[in-house]
Amino acid sequence: MQNTISQPQLQAGANVPRGVSRARIVGIIGVVVAALLISAVVLRVDATKFSTLNIPQPGAPPNQPLARIPLPTVATVIVLQGLLGLVGLYIALRQRMQWITLYVSTMIGLAFFTILLWAVAGSSVDLVDVLARVVRLATPITLGALAGLICERSGVVNIAIEGTMLFGACIGFIVAMVSGSTTLGVLAAMLTGSLVSALHAVLSVNFKVDQIISGTVINLLAVGVTGYLRGSFIIGYEQRNGADITAQALPVLRIPGLSQIPVLGPIFFSHQPITYIMLILVFAINLLLFRTVWGLRTRAIGEHPKAADTVGIQVNRMRFWNVVASGLISGLAGAWFSLESTFRFDDVMTNGRGFIALAAMIFGKWTPLGAFGGALLFSSADALQIKIQGFNFGLPRQFLQMLPYLVTLVVLAGIIGRARPPAAVGQPYEKG
Amino acid sequence: MAVQLDAPLAPQRRSFATAFLRGALVPLLAILTALLVGAIIIWFSAPADRGTRFEVVVAAYRGLFLGAFGGRQAIANTLVEATPYILAGLAVAVAFKCGLFNIGAEGQLFLGALAAATVGASQLGLPAIIHLPLALLAGALAGGIWAAIPGYLRARTGAHEVITTIMLNYIAFRLLDYLVTGPLKDPGASALRTPFVASAAQLPRFIGPLEDPGLTGGQTYRPLIVTADPEWNLRLHLGFAIAILAVWGIWWLLNRTTTGFEIRTVGANPEAARYAGMSITKNFVVAMALSGALAGLAGSGQVLGVEHNVKSLFSSGYGFDSIAIALLAKSNPIAIIPAAVFWGALNNGRGLMQAQTGISIELIRIVQALTIMFVAADQIVRWIYRIRRPIGDQVVFSRGWGK
């Protein structure tokens with residue numbers, strides 16, 4: 001009898017998140033990662049080798065860089081990772097909870113940098129190009145995270161981002177190919193995104209279907225419909241009118257003046273249009289969400305819809321339109337795949353970026369700036385694996401390709417702590 | 001009829017037929033609606049040289065039906081197609097019962113297939129009665145371990161299984177690619193594939209001719225009944241029986257054992273389950289491991305019964321299709337069988353449909369996606385056909401992020 005009573009309490013106790021010791025865990029992980037990387041580099045790299053980082057002069061040919069920084073590979077890695085390990089030890093001993101997010105980000109970033117140094121040992125790499133690539137590859141992830149964030153802040157889970165992107169990429173590409181105007185294609189992608197999102201809104205807000213199921217349905221529908229369109233229209237059209245297709249991928253727009261700044265110019269001001277829109281949207285949505293009436297209301301219907309209803313906000317109508325608006329952004333992210341990064345449409349070309357976007361959103365604790373940070377983390381994994389493939393590196397390429405997904409998994413696995421989503425997310429609102 | 005069924009004063013004791021109709025009505029109407037929408041798409045994309053639009057629609061569905069059920073061979077092939085769907089659909093359904101959404105069945109299936117192929121291809125010199133179960137067990141184990149990770153993460157850290165299972169899918173694909181093109185590649189073959197499984201580890205066909213060892217890497221695959229009659233050369237293999245057995249086993253486990261009761265209770269109301277002394281962590285891990293084991297078994301069945309090796313591009317779509325089947329069957333283990341056979345029939349019949357009418361086989365994917373949409377959003381079907389929802393009919397699938 002005594003046993004049956006004490007058991008629930010035991011179980012409940014076991015399920016309490018171990019907040020205090022999390023600093024310890026993260027700190028120890030940091031020490032282990034540092035030790036692993038140092039020993040790997042010491043064992044595998046010749047101590048006399050240098051990794052040269054090139055900083056190019058904007059506008060000048062690549063063989064006249066602004067600076068050439070030769071770093072002794074092994075020594076640099078020992079210093080960087082050694083520092084990281086010491087900080088980890090400090091966090092573990094002193095249990096500095098407030099340092100965890102920053103420490104984890106730094107740990108992942110430095111691990112990538114170490115792998116880069118390791119890969120280019122005895123050779124050189126254009127560091128600015130790597131960083132510019134990181135920003136560029138962060139575009140779809142950030143946009144997806146922003147779209148997810150608007151939905152979730154309003155109380156609607158949207159795992160349909162992936163499918164919405166795919167729809168946008170496909171329809172946007174078709175419109176651009178047929179009309180000859182890439183701009184029209186981008187607009188079509190956004191419109192498609194909002195229509196697909198409207199379907200999610202109808203299902204989840206009006207019909208009150210389980211939001212995760214509704215999102216999955218859209219993801220499935222996206223694979224089927226875009227596959228059908230590619231097989232029955234795009235391929236045939238390309239074969240028939242190969243020479244007449246005049247549309248091209250969106251051009252690189254170098255912002256006059258700003259793009260000439262060394263380092264910062266190539267990283268932030270020499271991109272294609274959707275990347276600029278992404279950078280602007282991060283700050284715009286941050287402003288909208290936290291400084292306007294719309295933002296306040298959106299956050300209200302996501303946290304406490306009943307209270308919002310009481311003060312006269314039409315919860316379901318607002319949720320509907322916010323989900324539709326988020327579709328414009330995921331549609332734009334879709335356009336990045338087929339109209340900006342390349343001018344092509346492939347089956348399932350979004351490759352899980354929509355889900356990584358959601359992880360970035362969670363990593364950023366449902367804030368636009370945080371989501372951008374998360375997206376940079378994931379895209380740097382992506383940029384790293386693409387960049388490294390050119391070098392003769394010990395690891396098989398498949399393991400490098402796993403990196404973005406592994407990082408997502410590790411980050412989501414709560415290394416940064418249990419994130420707190422908007423309180424009413426996932427629950428349909430019924431008046432009364 | 002429908003109105004009468006759902007009347008609030010319906011008698012308490014219902015016959016089996018009424019219960020069946022009540023449960024199957026909405027999925028059947030969902031399938032019907034999806035096929036109607038498919039017909040509209042065919043109507044508008046019909047090729048001009050194949051008769052009137054109406055004729056094309058009729059010919060397409062006729063081809064689909066004959067391709068799936070027109071004759072002994074077609075039916076056997078449909079059942080072969082359905083076999084992995086039964087197991088993978090069951091996998092998703094088990095997770096649903098625990099309130100978990102296993103989107104990662106595909107990755108678990110791949111790893112299960114790879115493990116089964118590795119054990120199956122090793123020349124252990126064991127008799128079939130040991131080697132075959134060993135290979136199946138390896139597949140189930142690989143899938144189960146891979147799926148237990150997201151279950152544990154969900155319970156301990158709150159990382160949502162929808163995202164973690166998808167990430168593990170991508171990791172599994174890369175891992176598979178690495179292993180099949182590298183360490184596990186058949187050194188004697190130019191194609192990127194693992195070696196053929198040993199004869200002792202194959203899931204034998206029920207009836208058919210002996211297979212030519214020249215085509216199977218020197219292995220002699222022997223069906224249970226050997227016949228030279230081409231009429232009886234059927235691809236149906238023992239895996240189908242195993243799948244049916246698994247359905248019964250899962251039904252028994254869920255409805256007749258303490259483990260099953262705990263899984264269902266945690267799925268229905270985790271707070272209540274915890275209050276009653278059940279461990280959420282344990283049940284999440286057990287349900288996901290079970291789910292992954294079934295998915296792994298689905299992959300093993302494909303390898304040991306159909307493919308006999310793993311290619312670097314094995315096959316795809318099982319993961320999402322299995323979700324569809326679990327939804328279509330409303331997570332009821334018994335109902336998984338007809339749902340999977342329906343799915344197998346669509347996949348098996350679409351080839352003839354394309355051959356006879358020139359309609360792209362991708363159309364079937366749209367019909368499948370629409371079917372899931374109408375089943376998942378049964379409110380739409382109820383709204384179209386004016387069917388009221390019986391009280392207590394809600395099936396819990398999953399919950400929001402942090403809970």
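Just so we're on the same page: letters track the sequence lines, and every chain starts at 1. These figures come from a predicted structure and were not determined experimentally.
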Under 4.5 Å from any heavy atom of chain B, what part of Leu199(A) do you find: side chain, backbone, both or neither?
side chain
Under 4.5 Å from any heavy atom of chain B - which part of Gln211(A)
neither
Centroid-centroid under 6.0 Å between Tyr318(B) and Tyr85(B) rings:
yes
Under 4.5 Å from a heavy atom of chain A, the part of Ile364(B) involved:
neither
May I ask you to name which of Ile361(B), Val375(B), Ile366(B) has the most heavy-atom pairs under 4.5 Å with chain A?
Ile366(B)
Thr216(A) portion near chain B, given a 4.5 angstrom heavy-atom threshold
side chain
Whatever's closer than 4.5 Å to a heavy atom in chain B on Val217(A) counts as side chain
Side chain from CB out, backbone as N, CA, C, O: work out which of these in Leu203(A) comes under 4.5 Å of a heavy atom of chain B, or both, or neither.
side chain
So, taking the atom named CG in Leu221(A) and the one named CD in Gln368(B), what distance separates them when rounded to the nearest 0.5 Å?
11.5 Å
Rounded distance [0.5 Å steps], OG in Ser330(A) versus CG in Asn158(A):
6.5 Å
Specify which of Ile356(A), Val225(A), Asn351(A), Asn206(A) makes the most heavy-atom pairs with chain B at under 4.5 Å.
Asn351(A)
Just checking Phe261(B): does its CZ atom have more than 12 heavy atoms from other residues, nucleotides or ligands closer to it than 6.0 angstrom?
no
Using non-hydrogen atoms only, which part of Arg230(A) is less than 4.5 Å away from chain B: side chain, backbone, both, or neither?
neither
Taking Asn102(B)'s backbone N and O only, do any of them form a donor-acceptor pair with Glu161(B)'s side chain (distance below 3.5 Å, no angle check)?
no
Option in Pro396(A), Pro404(A), Gly231(A), Ser232(A) with maximal non-hydrogen atom pairs under 4.5 Å from chain B
Pro396(A)
Can you find a pair of side-chain heavy atoms, one from Val92(B) and one from Ile325(B), that are under 4.5 Å apart?
no
Sub-3.5 Å donor-acceptor pair from the side chain of Arg319(A) to the main-chain atoms of Ser154(A), do we have one?
yes
Interface residue of largest heavy-atom contact number with chain A, from Ile149(B), Val367(B), Leu175(B), Asn169(B), under 4.5 Å
Leu175(B)
Do you know which of Ile323(B), Leu153(B), Ile171(B) has the most heavy-atom pairs with chain A at a distance under 4.5 angstrom?
Ile171(B)
side-chain contact (heavy atoms from CB on, under 4.5 Å) test vs Leu179(B) passes for just one of Val310(B), Thr194(B), Leu184(B), namely Leu184(B)
Among Phe233(A), Phe355(A), Tyr228(A), which has the most heavy-atom pairs under 4.5 Å with chain B?
Tyr228(A)
Among Ile163(B), Thr164(B), Thr165(B), which residue satisfies the side-chain contact (heavy atoms from CB on, under 4.5 Å) criterion with Leu409(A)?
Thr164(B)
